[in-house]
Amino acid sequence: MILSEIRAYLQTHKRAALKDMACRFNTEPDALRGMLDKWIAKGRVEKLPQGTPCSGCTLCDPGDIEIYVWKEAICLPD
């Protein structure tokens with residue numbers, strides 16, 4: 001798994017739970033966090049506050065969910 005795969009996944013899905021991405025990339029959540037931290041440092045990904053619900057289901061404990069959002073580039077006027 002490389003950073004560009006994570007970027008492509010988040011650009012397509014706009015937001016995703018860490019558990020979902022760990023399943024998708026068949027990797028441990030801690031390894032994925034490290035890669036997501038690189039995108040966060042670049043200002044392209046945001047980690048939503050703990051307790052943010054994922055997609056409206058009630059199967060997961062919101063306290064256990066980590067959701068990451070892809071931040072589109074903002075074009076500033078000249």
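The basis for the numbers below is simple: all heavy atoms, side chains too, and nothing from hydrogens, waters or symmetry mates. Source: prediction; values computed, not measured.
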Atom pair [atom1] ([X]) and [atom2] ([Y]), whose distance is rounded to the nearest 0.5 Å:
X	Y	atom1	atom2	value
Phe25	Met35	CZ	CE	9.5 Å
Ile6	Arg44	CD1	CZ	14.5 Å
Arg33	Thr27	CZ	OG1	11.0 Å
Ile67	Gln50	CD1	CD	9.5 Å
Tyr9	Ser4	OH	OG	15.5 Å
Arg7	Lys42	CZ	NZ	8.5 Å

Do other residues, nucleotides or ligands put more than 12 heavy atoms under 6.0 Å from Asp30 CG? yes
On a heavy-atom basis, which atom in Ala22 and which in Leu32 lie closest, and how many Å separate them? N-CD2, 3.5 Å
Can you see which heavy atom on Lys38 is nearest to which on Leu3, and at what distance? CD-CD1, 3.9 Å
Is there a side-chain contact (heavy atoms from CB on, under 4.5 Å) between Leu18 and Ile65? Walk through the geometry before answering. CA-CA 7 Å; Leu18 181 66; Ile65 299 172; over 6 Å; no
Would Glu66 and Lys19 count as a salt bridge (Lys or Arg N to Asp or Glu O under 4.0 Å) here? Give the steps. CA-CA 8 Å; Glu66 284 182 47; Lys19 287 181 180 179; over 6 Å; no
Within-4.5 Å side-chain heavy-atom neighbours: [X] and [Y]:
X	Y	result
Met21	Leu10	yes
Arg15	Trp70	no
Ile40	Lys47	yes

